[in-house]
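Single-structure report; data block below.
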Amino acid sequence: MRTLLLSAMVWMSAHAFAVTPFELPWMNGTHGVSTYKSSPHAAAGGVFVVEAYFLGCHYCNENAHNVNDLNDKYANDKRVQVLDVGVDRSDSQYQEWIRRHRPKHPVLKDGDRKLVGQLGTSSYPSTYVIDAKGSVVFKTTGVWDSAKKLQIQNAIDSALKSDLR
């Protein structure tokens, strides 16, 4: 446990960089919302968990249930926003993916790779924790095992605590 936390803290201090506010098509938006804007959530002190993926990626699809579980874990904390950010362009393929995986969190389309480009994503799936200041404080790639899940949760909890200071 201590080693996991220490490795996450070392990564965060050595690799933190900022992400500018973003607006992306919201593929499963409610109440007619078609664009997701990060600014209101960030302004409210929110933390983002971004799962970058592409629809045909076996490992990305294998990780979808982990992302759903993480969203469920933080469902009562409105400061945490879990986002699936896909790089595909086909709206109909997103609708099939949403039907299959039933995410309760926003699924965003980054077909022009604006956000994943800012993040420097080079492999999929990649997961990022972004604090309220827009700093990427944690990154991991691949399917989450129990150690990665714990690292992600520790990074989220740490980002939430640092926002209170």
Side-chain angles (χ1 to χ4, degrees), residues 1 3-20 22-29 36 38 41 46-75 77 80-131 134-160:
M1 167 74 173
T3 304
L4 290 174
L5 184 57
L6 183 58
S7 67
M9 290 170 56
V10 168
W11 189 96
M12 291 184 324
S13 63
H15 297 89
F17 59 92
V19 174
T20 59
F22 55 90
E23 293 183 19
L24 294 171
W26 192 347
M27 303 309 292
N28 62 338
Y36 180 91
S38 67
H41 186 72
V47 172
F48 296 95
V49 179
V50 173
E51 174 78 354
Y53 70 98
F54 66 93
L55 298 170
C57 167
H58 168 75
Y59 299 109
C60 304
N61 285 293
E62 187 178 326
N63 209 42
H65 73 92
N66 290 320
V67 180
N68 285 336
D69 290 348
L70 183 72
N71 183 73
D72 290 346
K73 177 176 178 48
Y74 289 95
D77 191 338
V80 178
Q81 180 69 79
V82 176
L83 304 172
D84 272 318
V85 178
V87 296
D88 300 272
R89 294 179 183 255
S90 169
D91 290 357
S92 63
Q93 288 178 335
Y94 278 96
Q95 295 312 314
E96 172 58 24
W97 190 91
I98 290 164
R99 185 194 62 70
R100 195 169 3 119
H101 295 290
R102 302 185 187 282
K104 299 175 199 160
H105 52 276
V107 174
L108 309 179
K109 179 171 80 169
D110 191 12
D112 294 332
R113 299 178 187 228
K114 292 177 183 176
L115 178 57
V116 298
Q118 277 192 70
L119 294 168
T121 306
S122 60
S123 61
Y124 297 92
S126 288
T127 307
Y128 305 86
V129 177
I130 304 170
D131 70 11
S135 295
V136 175
V137 296
F138 181 80
K139 175 189 176 186
T140 189
T141 60
V143 177
W144 307 350
D145 59 15
S146 58
K148 281 186 185 182
K149 288 176 188 178
L150 186 57
Q151 288 178 319
I152 293 165
Q153 291 171 19
N154 286 337
I156 294 166
D157 295 342
S158 179
L160 290 170

Quiz item: Between CZ of R89 and CZ of R113, what distance do you get to the nearest 0.5 Å?
Solution: 8.0 Å
Quiz prompt | Test item: D110 side-chain N/O and V116 main-chain N/O as donor-acceptor pair under 3.5 Å | solution = yes
Quiz item: Of all heavy-atom pairs between K139 and G120, which one has the smallest distance, and what is that distance?
Solution: NZ-O, 4.4 Å
Practice problem: Kindly give the heavy-atom pair with the smallest separation between Q81 and P106, and that separation in Å. | Solution: NE2-CD, 3.2 Å
Exercise. Show your working on side chain to side chain contact (heavy atoms under 4.5 Å, CB included) between D91 and K109 and close with a plain yes or no.
Key: CA-CA 8 Å; D91 290 357; K109 179 171 80 169; 2.5 Å; yes
Exercise. Begin from the C-alpha positions of W144 and L70 and carry the test side chain to side chain contact (heavy atoms under 4.5 Å, CB included) through to its verdict.
Key: CA-CA 11 Å; W144 307 350; L70 183 72; 3.9 Å; yes
Practice problem: Starting at OG1 of T127, measure out to CD of E51 and round the result to the nearest 0.5 Å. | Solution: 3.5 Å
Practice problem: Applying side chain to side chain contact (heavy atoms under 4.5 Å, CB included), run through K104 and V82 and close with a yes or a no. | Solution: CA-CA 9 Å; K104 299 175 199 160; V82 176; over 6 Å; no
Practice problem: State whether the side chain of N68 and the backbone N or O of H101 hold a donor-acceptor pair below 3.5 Å, judged by distance alone. | Solution: yes
Self-check item: Considering all heavy atoms, the nearest Y128-A52 contact
Solution: CE1-CB, 4.3 Å
Quiz item: Taking the side chain as C-beta and beyond, is there a heavy-atom pair between W97 and D88 under 4.5 Å?
Solution: no
Quiz item: Mind checking whether V85 and L119 have side chains closer than 4.5 Å, heavy atoms only?
Solution: no
Quiz item: If you round to the nearest 0.5 Å, how far is OG1 of T20 from CZ of F22?
Solution: 9.0 Å
Quiz prompt | Test item: Q95 side-chain N/O and M27 main-chain N/O as donor-acceptor pair under 3.5 Å | solution = yes
Quiz item: Between atom NZ of K149 and atom CG of D69, what is the distance when rounded to the nearest 0.5 Å?
Solution: 6.0 Å
Quiz item: Rounded to the nearest 0.5 Å, what separation is found between the CD1 atom of I156 and the CZ atom of F48?
Solution: 12.5 Å
Quiz item: Which distance, rounded to the nearest 0.5 Å, do you find between the CG of N66 and the NZ of K73?
Solution: 13.5 Å
Self-check item: Close side-chain approach of V87 to Y124, heavy-atom, < 4.5 Å
Solution: yes
Quiz item: With no hydrogens and no angle check, is any side-chain donor or acceptor of D145 less than 3.5 Å from a backbone partner on A147?
Solution: yes
Self-check item: Short side-chain donor-acceptor distance under 3.5 Å, Y36 and N28
Solution: no
Practice problem: Might you point out which heavy atoms bring T141 and S123 nearest each other, and give the distance in Å? | Solution: CG2-OG, 3.4 Å
Quiz item: Looking only at heavy atoms, what is the nearest atom pair of Y94 and L108, with distance?
Solution: CE2-O, 4.0 Å
Quiz item: Do you know the tightest heavy-atom contact between N61 and L55?
Solution: ND2-O, 2.8 Å
